[in-house]
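Step one of this worksheet: look at the structure below.
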Amino acid sequence: MEKKNGYHVAVVGATGAVGEQMLKMLEQRQFPLASLKVLASARSVGQTVTFNGEELTIEEATPEAFEGVQIALFSAGGSVSKKLAPEAAKRGAICIDNTSAFRMDPNVPLVVPEVNPQAMEQHGGIIANPNCSTIQMVAALEPLREKYGMERIIVSTYQAVSGAGAKAIQELHDQTEAVLHGNEVKKEILPVGSLPQKYQMAFNAIPQIDVFLENGFTNEEMKMTRETKKIFSDETIAVSATCVRVPVVKGHSESVYVELKNEYDLAEVRSLLENAPGIVVQDNPEEQVYPMAIDAADKIETFVGRLRRDLDHPRGLHMWIVSDNLLKGAAWNAVQIAEELVKRNLIKE
Ligand code: A2P
């Protein structure tokens, strides 16, 4: 696909769950494209994907594929990013990487545009997209942190299977059908950990996302801790997470408890959130209005509700934060970074 007046863009992992949404976001946002390359593994070469009604043929992601590319969106796993993002950057591309490969690299900005867009000015060819659970949480907490300061965050997540990729979505469908028909339930994908042991996801909740670390937390949980500190540029903020996989296809939900530094007013909290970019407040207990994954699916906003004061801690606040993990949690945040790069004139001609 070649056009004038726009940017040369590549999507790496274009056949995957997030890659597909990246293409959808570029399409929906009418991102100014001069050309679009869709890259994946050698296995998918020759397959096609549809973009703006046009069939695009998948090419293999190789170092040479990035010649002439100005923006490369990566979502093909950490090892692919580690290998190919430096190659793409060497060839002049700015890589927006959705994997965890570079997130904690001090030379790589970790960006949520509603929180720290200025960080991308310091990029050296790679900008990291945070973990899905971190993105929606910090986007919703930023207006409160800015106003009152924030001491501590305790979060429990209820995460959709799409976060583990297209195969995990298929597994949930297959297992659900197997249970309903009384057939044998095959367990092959979840949880994604270091052991071969797998568990049934259908009609279950699995308190493990990613591998366990020596401190008893999982890697996903520690990502939320470390990434939040980095995005907020605040090593003193206390962050503890419990990450749980639930049988939902799209949309992560989070029960978040925060302790603010200063006294707050609940009505003011509501109004700060209502006026925050990308945030939608859905909070009316009388009418049973609150955010739900099923409603947040396919939307780019982050939804907040169940706002309530802690019963004991005067500066404690409880909330429920929901967003589409493939969109704000991945593809939309990445395309939003690309839009911000354009706005800030950071893309090389
Ligand atoms: P492929 O379909 O060719 O395997 P998901 O997260 O949904 O599982 O998707 C993973 C994405 O990463 C897919 O697009 C997949 O392409 C891509 N991918 C996996 N391994 C590689 C690789 N070695 N090189 C390039 N892309 C890869």
Side-chain angles (χ1 to χ4, degrees), residues 9-27 36-51 55-67 69 71-89 91 93 95-103 126 128-133 135 159-175 187-193 198 201 209-211 219-220 223 243 245 248-252 297-298 324-335:
V9 174
V11 173
V12 189
T15 52
V18 173
E20 189 190 331
Q21 300 298 318
M22 284 172 161
L23 295 173
K24 198 171 102 184
M25 282 291 111
L26 290 169
E27 195 175 88
L36 178 61
K37 272 191 178 179
V38 282
L39 307 175
S41 77
R43 294 179 292 273
S44 303
V45 170
Q47 275 182 30
T48 56
V49 290
T50 309
F51 184 83
E55 298 248 299
L56 304 181
T57 307
I58 301 282
E59 295 172 51
E60 185 178 355
T62 60
E64 297 70 38
F66 296 97
E67 294 294 348
V69 168
I71 304 173
L73 302 169
F74 277 80
S75 196
S79 57
V80 174
S81 291
K82 271 195 191 135
K83 197 171 96 191
L84 291 178
E87 293 288 345
R91 288 167 173 81
C95 303
I96 303 171
D97 182 27
N98 189 53
T99 75
S100 60
F102 300 100
R103 287 182 193 147
I126 302 176
N129 213 35
N131 175 270
C132 43
S133 303
I135 295 178
Q159 297 184 220
V161 295
S162 52
K167 286 190 188 125
I169 302 175
Q170 191 57 48
E171 183 176 70
L172 176 60
H173 279 281
D174 293 347
Q175 287 184 352
K187 294 160 267 185
E188 285 163 358
I189 310 286
L190 295 170
V192 180
K198 302 293 171 196
M201 184 72 263
I209 299 184
D210 209 335
V211 298
N219 200 31
E220 182 87 349
K223 281 178 192 171
C243 292
R245 191 76 74 188
V248 166
V249 173
K250 277 187 201 169
H252 288 354
D298 301 321
D324 186 321
N325 54 303
L326 298 181
L327 295 182
K328 183 56 184 164
W332 165 230
N333 200 69
V335 170

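Every number for a ligand or one of its atoms is a count from 1 in the order of the listing. Here the structure is a predicted model, which means the values were calculated and not measured. Values below: every heavy atom of this structure, side chains too, minus hydrogens, waters and symmetry copies.
- Side-chain contact annotation: Gln159 with Ser133, donor-acceptor N/O pair under 3.5 Å present.
- Every atom of ligand 1 with a heavy atom of Ala40 under 4.0 Å away is listed here by number and element: 3 (O), 16 (O), 25 (C), 26 (N).
- Looking at Gly16 next to ligand 1, an N or O pair under 3.5 Å apart turns up.
- Checked by atom type and distance alone, the side chain of Lys223 never pairs as donor or acceptor with a backbone atom of Ser100 at under 3.5 Å.
- In terms of protein heavy atoms, atom 2 (O) of ligand 1 is closest to Thr15 OG1, 2.5 Å.
- Judged by distance alone, with hydrogens and angles left aside, the side-chain atoms of Lys198 form a donor-acceptor pair with the main-chain N or O of Pro191 at under 3.5 Å.
- Protein heavy atom at the shortest distance from atom 17 (C) of ligand 1 is Ala76 CB, 3.7 Å.
- The shortest heavy-atom contact between Thr48 and Thr57 is CG2-OG1, 4.0 Å.
- A pairwise comparison of heavy atoms in Pro130 and Asn98 identifies O-OD1, 4.5 Å as the closest pair.
- Scanning all protein heavy atoms for the shortest distance to atom 20 (N) of ligand 1 gives Arg43 NH2, 3.5 Å.
- Here Arg91 pairs with Glu87 in a salt bridge; the nearest charged N to carboxylate O distance falls below 4.0 Å.
- Listed by atom number, the atoms of ligand 1 under 4.0 Å from Ser44 heavy atoms are 1 (P), 2 (O), 3 (O).
- Around atom 11 (C) of ligand 1, the closest heavy atom drawn from Ala61, Gly19, Ser75 belongs to Ser75.
- For the pair Ala17 and ligand 1, the shortest N or O to N or O distance falls below 3.5 Å.
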Worksheet item: Step by step, would you call Asn131 with Glu220 a side chain to side chain donor-acceptor pair (under 3.5 Å)?
Response: CA-CA 8 Å; Asn131 175 270; Glu220 182 87 349; 3.1 Å; yes

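- For atom 6 (O) of ligand 1, the closest non-hydrogen atom on the protein side is Gly165 CA, 3.8 Å.
- Taking only nitrogen or oxygen atoms, main chain and side chain alike, Gly13 reaches within less than 3.5 Å of ligand 1.
- Panel note: side chain Gln21, backbone Ala330; no donor-acceptor pair is recorded below 3.5 Å.
- Of the protein's non-hydrogen atoms, Val80 CG2, 3.6 Å is the one closest to atom 23 (N) of ligand 1.
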